[in-house]
Amino acid sequence: MKVYILLVLIICLSAFLRFHNLSNIYVFNFDEEYQATYAWTLVKDPHPIWIGVSSSFLDFYVGPYFTYFTAILLKLSNGDPMLTAYFAAFLGVITTVVTFLIGWRIFNLTVGIVSSLLYATMPLTTFFDQKYWNTMFTPIIVILLFLTLYLVKKSAWFWVGFAALFGTILETHLEPAPLLLIGFYLFLKGGYWKNVKLLIVCLLTFTLFYWPLIVFDVNHNFSNLMAFTKIGNSFNQSQIAFDPILKFKSLADSMGRFWYLKAGNPNADEISFTCNPLTVKAEFKNVVGKYSQRTNAPVFLSVLTLILLLFFLANIRGKKREYKLLAAFLSVGLFSFIIYPGASSEYYILSILVLFIFIPGILISYLNRNYQLLFLSLILIASLFGINTILKTSDEFSLGPKKILISKVMNIVGEESFSIEGRGICHNFEGWRYLFKVYGRVPTQSYTDSSLGWLYPNGISKEPPTYTIILSEDRIPLKEDLSSLESFKEGAYRIYIQKKN
């Protein structure tokens, strides 16, 4: 009973931190706009689609289930993206619960408490849990993959769960895909493939998720599957770069940032890859580093975290199966990230972080009681710092200021036509067109039409608008002089109003 009371307290803490002030701090950028705009086409005109959004530099498209699900949420909320934000936060709470139960039942109670408390209170996991996009499923998918492969020793039918998770990855995001190699290896090594009934059920389960992509490929000359053959061309055209040193820097940075983010920083700066100097193109690194408020990891925290990780990996010989399985997951995750030729975006490290989160509790559980109390106190202090950061996060680049600005623009333009343009470094493509559609009126033209206009070809006017609304990230110097225009500021955005003469 005491354990379950403790679990309820951790659940309540996780829920409070993820839902607190969410309507103001929700980060809605280009990725969210793309997904919402795509899903809204299903709301306006219900029709079958066979692919979802692109999931890699190769333009491999995941399945459409996530887009269908997003369409349902937007239908229920009449297009308001806040319902999607609440779902993302709810999923984060569920992940906290699963982390506790797996840590407790597979390892021990100390692991369950420490891992779930860290997941519930660390700003990095919390901020990503408040972001609705297809990668939000990565933490819970990775944890459930670990659970499933642990349980296959008890019953071979847990391979059906593995097949379902395989299909889910192809419907959401490919980041956890390398971890599937562990499952394939165990499936072949254990001879499970000899069980014809099991094999058929697994294939049918996987097909339930994958069949829309099969339909698409059959009707499009297998163009989606052929995306993986473009790796060589992408290298030759310098679209991607193999840079293990940069990947290691990104890994070390994120491992340190897991423990600490500066209180008062904008959450949008902390988790947007456009605000990360390690992610953006070389020509933008200096200017992004100058204006972004993203926390740079304290070196000692990065080093300490990597030491803990390496210590665990180096001391698994003779350990129980669950420890070896966790080490295998971490090793495959680390190796695949280091050699991955795409971007160094922090969300690619989520699968590593959610696995690492078990290690502090594992190591603490092996100490004598006095040392356990000491290190548990350090975990509690880290959690208190994390709670402080989450509660004090700035919403200056989030949804709250955007809604106020849209309302002010509507008061000025009235029923006249208007277009929108963007100015920014970290925060240029901020989902403005979709947000204007929901909280105001749809612009007749938008600077994102070149990217998303294929989703609303009849929503773009060729007539010159009466007003041009310039949406600027206020902390950066503008290339043109707009001082003569009417302007107003909210949060860290400044809007300039230009009326046609």
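The structure presented is a predicted model; accordingly, all values stated were derived computationally and were not measured. Throughout, residue positions are numbered sequentially from 1 according to the sequence presented.
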| Chi angles and distances behind the side-chain contact (heavy atoms from CB on, under 4.5 Å) call for Leu309, Met255 | CA-CA 10 Å; Leu309 177 60; Met255 297 298 270; 3.9 Å; yes
| request: Decide yes or no on side-chain contact (heavy atoms from CB on, under 4.5 Å) for Ile364 and Ile379, but give the supporting numbers first. | output: CA-CA 10 Å; Ile364 289 173; Ile379 293 294; 3.9 Å; yes
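A donor atom on one side chain and an acceptor atom on the other are found under 3.5 Å apart for Ser398 and Asn267. A donor and an acceptor atom, one from each side chain of Asn276 and Thr279, are located under 3.5 Å apart. Remark: the Trp157 side chain and the Ser155 side chain contain no N/O donor-acceptor pair separated by less than 3.5 Å. For the residue pair His427 and Asp269, a side-chain donor N or O sits within less than 3.5 Å of a side-chain acceptor on the partner.
Contact check for Phe356 versus Leu334: no side-chain heavy atoms found under the 4.5 Å cut-off.
Every residue two or more places apart in sequence or in another chain was checked for a side chain to side chain donor-acceptor pair (under 3.5 Å) with Asn286, and none qualifies. Applying the side chain to side chain donor-acceptor pair (under 3.5 Å) criterion to Thr126, with sequence neighbours excluded, gives no partner residue. Asp253 meets the side chain to side chain donor-acceptor pair (under 3.5 Å) test with Arg294; sequence neighbours excluded.
Note: Phe312 and Tyr323 have tilted aromatic rings, judged against thresholds of 30 and 60 degrees for the angle between ring planes. Under the 30°/60° scheme for interplanar angles, the aromatic rings of Phe146 and Phe107 are found to lie parallel.
Without hydrogens or angle criteria, Tyr38 side chain to Val53 main chain gives no donor-acceptor distance under 3.5 Å. In this structure a side-chain-to-backbone donor-acceptor pair under 3.5 Å is missing from Tyr26 to Thr84. In this structure, the side chain of Ser115 does not engage the main chain of Phe358 through any donor-acceptor pair within 3.5 Å. At distances below 3.5 Å, at least one donor-acceptor pair connects side-chain atoms of Asn315 with backbone N or O atoms of Phe311. In this structure a side-chain-to-backbone donor-acceptor pair under 3.5 Å is missing from Gln35 to Thr67.
At a threshold of 4.0 Å, the pair Lys262-Glu270 does not count as salt-bridged, since none of the basic side-chain nitrogens sits closer than that to a carboxylate oxygen. One finds no salt bridge joining Lys324 and Glu322 here, because no Lys/Arg side-chain nitrogen approaches an Asp/Glu carboxylate oxygen to under 4.0 Å.
Ile49 and Tyr68 make their closest contact through N-OH, 2.8 Å (heavy atoms, listed as atom of the first residue, atom of the second, distance).
Rounding to the nearest 0.5 angstrom, the gap separating the CZ atom in Phe137 from the CG atom in Leu165 is 12.5 Å.
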